[in-house]
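For reference, the structure discussed in these notes is given below.
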Amino acid sequence: MPTNRFSGFPRRRASDQDTLIDAQLVELAYQNLPAMVAVNIAATLGVVFLLHAAGASGIRLWFGLVLLLSMLRLISWVLFKKYGSVANGLTASELTANGSRQYSATWMLLYTLGLLSAALIWVWLLYITFQSTASEVKFIVIVTISSLAGGATGITAPLKYAGRIYITILLVPSSIIIYSASNEYWVLSALAIVFWGAMIVNHRNNHRVLLKSLTLQLENKQLINNLQTLNADLEQRVHQRTEALKQIAHHDALTGLLNRPGLIDWMEKNLSAENPHEAAVLFLDLDRFKQINDALGHEIGDQVLRMIAHRFNDVCPSDAIVARWGGDEFLLITEQSTNARERADLIAHQLIEVATAQFKICDESLGVGLSVGMAYFPTDAADFQDVIHAADLTVAEVKRSGRGRSLIYDDIYAQTQKRRFDLGRALSEALKQNELTLAYQPVVNVLTGDVEALEVLSRWHHKTLGVIDPCEFINLAEETDRINALGDWVLYESCLKFSEWVPQGSAIKLAVNVSIKQLLTPGFSARVNSILIETDFSAKSLILEVTESLFGEEHLDATLKTVVTLREMGIDVYIDDFGTGYSSLSRLHEFPVTGIKIDRSFTAQVDSQGVVIIESAMLIAQRMNLKVIVEGVESISQLKKLSSLGVVAMQGYYFGRPSPIPHIESIKPIWCDVFLKE
Ligand code: C2E
Ligand code: CA
Ligand code: CA
């Protein structure tokens, strides 16, 4: 281990510590310099006075030299104070960086020159004294020089070599001069040598004590410094760790996007309800993602989500953030700005565009869609969770009304949501308590006036919410998976009641509406079969009405299988609301359906555009040997027009409204008269 070149102590950080100690020793030496010069001048004045009185020669020159040297030394002190005093307050590395080691050495040299010159001048004085003066004067000069040497053990302690040389120059030549002046003085001369030895030892001890205290002081400082850096380091590491943990806790593992807590944290940092500008909150819900997940597995689903996240990130502006809210739901939130609304429209458009672009995964081309619900902070809600909820309600509305587009939040959605919630709960109760009732509407053969079928329609009169539109509660039942319970009940109840209204052996059939969700529920045909058995109802008398959603690509295989089974059981299957859904002509051919019910919207326009649709539907039906029923006939003119097009089976208010007690008598006379009159 290297040692300090002044103290001989082992050192841990050799160069830094040396530099600091050197600098501090020089500093200390210069601190003592004015006192030393003052003592020198005082001693000089004393001896000059004595020697002058004793008439010693050359004393003026000597005095002049002392004054000059003292002045030069004081000047060196002033210069040091101004330019050299760097040790105080500086750290080792700062000093080392300043190259202050050389710097200290230069000042030390300057100091040493002054010191040694002073010693030589005193030796010279002793010489002068011993040439010519009286013994008392000589004695006084010897005492003075000895005192100076004695004082130097302390005052020059900072300087290991210079101090000792100073003492040596003061005492050793003096001893020689004394001895050579007269043999009688040999005791004095010997005493001077003994004194010199003692003073050198004294100086060495003083120097060691000084070095030790400086080293300790320095080590203390370094310890404190080290502790401080250690502390700062520890703090920084704790901070880094905390940040890293936060990073994990705030990000979604699959996509790398922010997750829910991460997004809320971002909102807290970037949005403020006090800011007068708006921030756009875009709730992004993928369309048809579930099908991909179900059909191709979760791994492919995950890949799609990652790619989608990547695409969303690409179109996300720099002052906005994309986060994964969960499943196939994402959120994009912008910072508050003056034109949040225009920008949000543009962003929504871009997001839909990138989401719908096809993916290539394992050589398969896949596609999803995107529905976007937009709400504005703080206009729509000044609470982060609430504004996200508002955007969520909006996207639910988009999903209900067709998907693949964006919509801006409206208070009505919150009300709708509330009503849906209330209705949902009430519907569960209604099903348990048998609160639903049934109404029957006749389908009439206009040539014979006979009722061909009775379509059964659900009715719900809630004690506090009033009469609920079937479209509303049927939709709700479909969305909340209560449709199976409802559908089973309708089928069971109507089959059971049918025999009460319709006499045995009648040709009148029962038409029951079936939602696509029911049809897709595994075991549907088996359930229908068991209800028929339980109610002792003939399959041949049953018509099931399903909308064109039957032909949806995503479940084609399943629906086809069920329809085939139903047909094999002898049940008729009609396409309801024909013309409003999928363009289904080719599919009609593939499915063994037995009839179509042309939607009432075409009847309403039978005098204009509606006629084309009805005509072509009639043509197709004839070719495919399908029964055609036209719905929504409300007037005699519609009846006439439809008759002229060859329509035979009709349904509508003109023939009879849905009623709890079905009308089964032939109703020909009502319109027969009209035809007869013409
Ligand atoms: P839908 O199957 O098309 O039923 C015919 C709807 O048209 C009935 O409405 C009926 O009241 C109405 N309607 C009949 N004739 C006329 C007319 O001349 N003019 C006008 N403007 N409307 C007429 P409702 O009862 O409100 O039922 C609406 C829909 O709810 C039904 O449409 C059907 O899709 C569904 N639905 C009703 N009950 C059930 C059910 O028990 N199960 C299922 N799955 N759906 C049902
Ligand atoms: Ca129907
Ligand atoms: Ca219909």
Side-chain angles (χ1 to χ4, degrees), residues 427 430-431 434-444 446 451-461 467-495 497-498 509-521 524 527-528 531 542-550 572-581 593 595-606 610 614 617 627-639 642 647 649-660 662-663 670-671:
L427 184 61
L431 287 170
N434 269 341
E435 271 175 33
L436 297 188
T437 56
L438 297 174
Y440 302 85
Q441 188 182 29
V443 176
V444 178
V446 294
V451 173
E452 284 190 350
L454 289 171
E455 180 179 1
V456 61
L457 296 158
S458 307
R459 293 289 175 262
W460 182 20
H461 189 159
V467 174
I468 321 284
D469 187 320
C471 287
E472 191 178 10
F473 72 79
I474 294 294
N475 273 342
L476 188 70
E478 283 178 354
E479 283 168 26
T480 55
D481 288 333
R482 292 176 179 112
I483 193 69
N484 284 319
L486 189 150
D488 286 355
W489 177 80
V490 172
L491 184 63
Y492 182 88
E493 198 68 11
S494 53
C495 286
K497 290 276 163 63
F498 199 76
K509 291 191 173 191
L510 170 69
V512 180
N513 291 289
V514 169
S515 145
I516 185 71
K517 277 229 170 165
Q518 283 172 266
L519 207 95
L520 282 172
T521 307
F524 172 72
R527 267 203 337 274
V528 171
I531 291 174
L542 184 65
I543 301 166
L544 294 181
E545 298 185 6
V546 198
T547 62
E548 285 165 300
S549 55
L550 184 74
D572 274 320
V573 179
Y574 286 7
I575 301 301
D576 203 357
D577 304 341
F578 187 83
T580 55
V593 293
I596 57 174
K597 292 185 82 173
I598 297 175
D599 191 68
R600 63 173 183 268
S601 56
F602 304 110
T603 312
Q605 297 177 358
V606 76
I614 295 170
K627 180 149 185 78
V628 176
I629 296 136
V630 175
E631 298 182 302
V633 182
E634 294 180 348
S635 65
I636 185 74
S637 63
Q638 287 171 341
L639 165 62
L642 289 166
V647 180
M650 298 185 203
Q651 184 181 6
Y653 293 167
Y654 185 75
F655 306 102
R657 291 187 175 245
S659 138
H663 187 105
I670 306 172
W671 70 90

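Just follow the structure's listing: the first ligand is 1, and inside any ligand the first atom is 1.
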Is there a side-chain contact between L542 and V528, using heavy atoms and a 4.5 Å cut-off? yes
Would E455 count as a contact residue for ligand 1, given that I'm defining contact as a non-hydrogen atom of the residue lying under 4.0 Å from a ligand atom? yes
Just which atoms of ligand 1 are under 4.0 Å from any heavy atom in E631? 3 (O)
Beyond-backbone contact of W489 with N434, side-chain heavy atoms, under 4.5 angstrom: yes
Residue pair H663, Y440: steps toward the side chain to side chain contact (heavy atoms under 4.5 Å, CB included) verdict: CA-CA 8 Å; H663 187 105; Y440 302 85; over 6 Å; no
Using a 4.0 Å heavy-atom threshold (strictly under), name the region of S458 that reaches ligand 1: side chain, backbone, both or neither. both
For residues V446 and V647, determine if any side-chain heavy atom of one lies less than 4.5 Å from a side-chain heavy atom of the other. no
Numbered in order shown, the ligand 1 atoms found under 4.0 Å of a heavy atom of V633 are 18 (O)
Pull out every atom of ligand 1 sitting under 4.0 Å from any heavy atom of E634, numbered as shown with elements. 17 (C), 18 (O), 19 (N), 20 (C), 21 (N)
Answer yes or no for R527 and F524: cation-pi contact, defined as NZ/CZ to six-membered ring centre under 6.0 Å and angle to ring axis within 45°. no
By number and element, which atoms of ligand 1 are closer than 4.0 Å to a non-hydrogen atom of R459? 11 (O), 25 (O)
Taking only non-hydrogen atoms of P658 and a 4.0 Å limit, the atoms of ligand 1 in range are 11 (O)
Report the part of D577 in contact with ligand 1, treating N, CA, C, O as backbone and CB onward as side chain, heavy atoms under 4.0 Å; options are side chain, backbone, both, neither. side chain
So, for E435 and W460, which heavy atoms are closest and what is the spacing to 0.1 Å? OE1-NE1, 3.5 Å
Protein heavy atom at shortest distance from atom 43 (C) of ligand 1: N513 CB, 3.5 Å
Around atom 29 (C) of ligand 1, find the nearest protein heavy atom and jot down its residue, atom name and distance. C471 SG, 4.0 Å
Residue and atom, protein N/O/S, under 3.0 Å of the Ca ion (ligand 2): E455 OE2, N513 OD1, E545 OE1, D576 OD2
Any side-chain heavy-atom pair from L486 and S458 closer than 4.5 angstrom? yes
Nearest-contact summary for atom 26 (O) of ligand 1 - protein heavy atom, Å: P470 CG, 3.4 Å
Less than 3.5 Å apart, any donor N or O on the side chain of T521 or N484 sitting next to an acceptor on the other? yes
Ligand-side contact atoms (ligand 1) for residue partner V490, heavy atom cut-off under 4.0 Å: 41 (O)
What residue and atom, counting heavy atoms only, is the protein's closest point to atom 36 (N) of ligand 1, and at what distance? I474 CG1, 3.9 Å
Before you tell me yes or no, could you show the steps for L431 and L436 under side chain to side chain contact (heavy atoms under 4.5 Å, CB included), namely the whole-Å CA-CA distance, both residues' side-chain angles and the distance that decides it to 0.1 Å? CA-CA 7 Å; L431 287 170; L436 297 188; 3.9 Å; yes
Ligand 1-proximal atoms of Q651, by part, heavy-atom distance under 4.0 Å: neither
Suppose we measure from atom 15 (N) of ligand 1 to each protein heavy atom; which comes out shortest, and what is that distance? Q441 NE2, 2.8 Å
Nearest protein heavy-atom contact for atom 13 (N) of ligand 1: which residue, which atom, what distance? Y653 CE2, 3.7 Å
Taking only residues two or more places apart in sequence or in another chain, which ones pass salt bridge (Lys or Arg N to Asp or Glu O under 4.0 Å) with E634? none
D469, any N or O under 3.5 Å of ligand 1 N or O: no
For residues R459 and P658, determine if any side-chain heavy atom of one lies less than 4.5 Å from a side-chain heavy atom of the other. yes
Note: Q518 and G487 closest approach over all heavy atoms is NE2-CA, 3.3 Å
Please work out, at 4.0 Å between heavy atoms, whether the side chain, the backbone, both, or neither of R600 comes within that distance of ligand 1. side chain
Of the backbone atoms (N, CA, C, O) and the side-chain heavy atoms from C-beta on, which set of D576 has a member under 4.0 Å from an atom of ligand 1: side chain, backbone, both, or neither? side chain
Would you say that S494 contacts V512 through its side chain, given a criterion of any heavy-atom pair below 4.5 Å between the two side chains? yes
Would a 4.5 Å heavy-atom cut-off, applied to side chains only, mark F578 and V628 as touching? no
Specify the closest pair of heavy atoms between D577 and T580, including all atoms of both residues, with the distance to one decimal. O-OG1, 2.7 Å
Is the contact between L457 and ligand 1 made by the side chain, the backbone, both, or neither, using heavy atoms and a 4.0 Å cut-off? both
Do any non-hydrogen protein atoms sit less than 4.0 Å from atom 19 (N) of ligand 1? yes
Would you say that F498 contacts V456 through its side chain, given a criterion of any heavy-atom pair below 4.5 Å between the two side chains? no
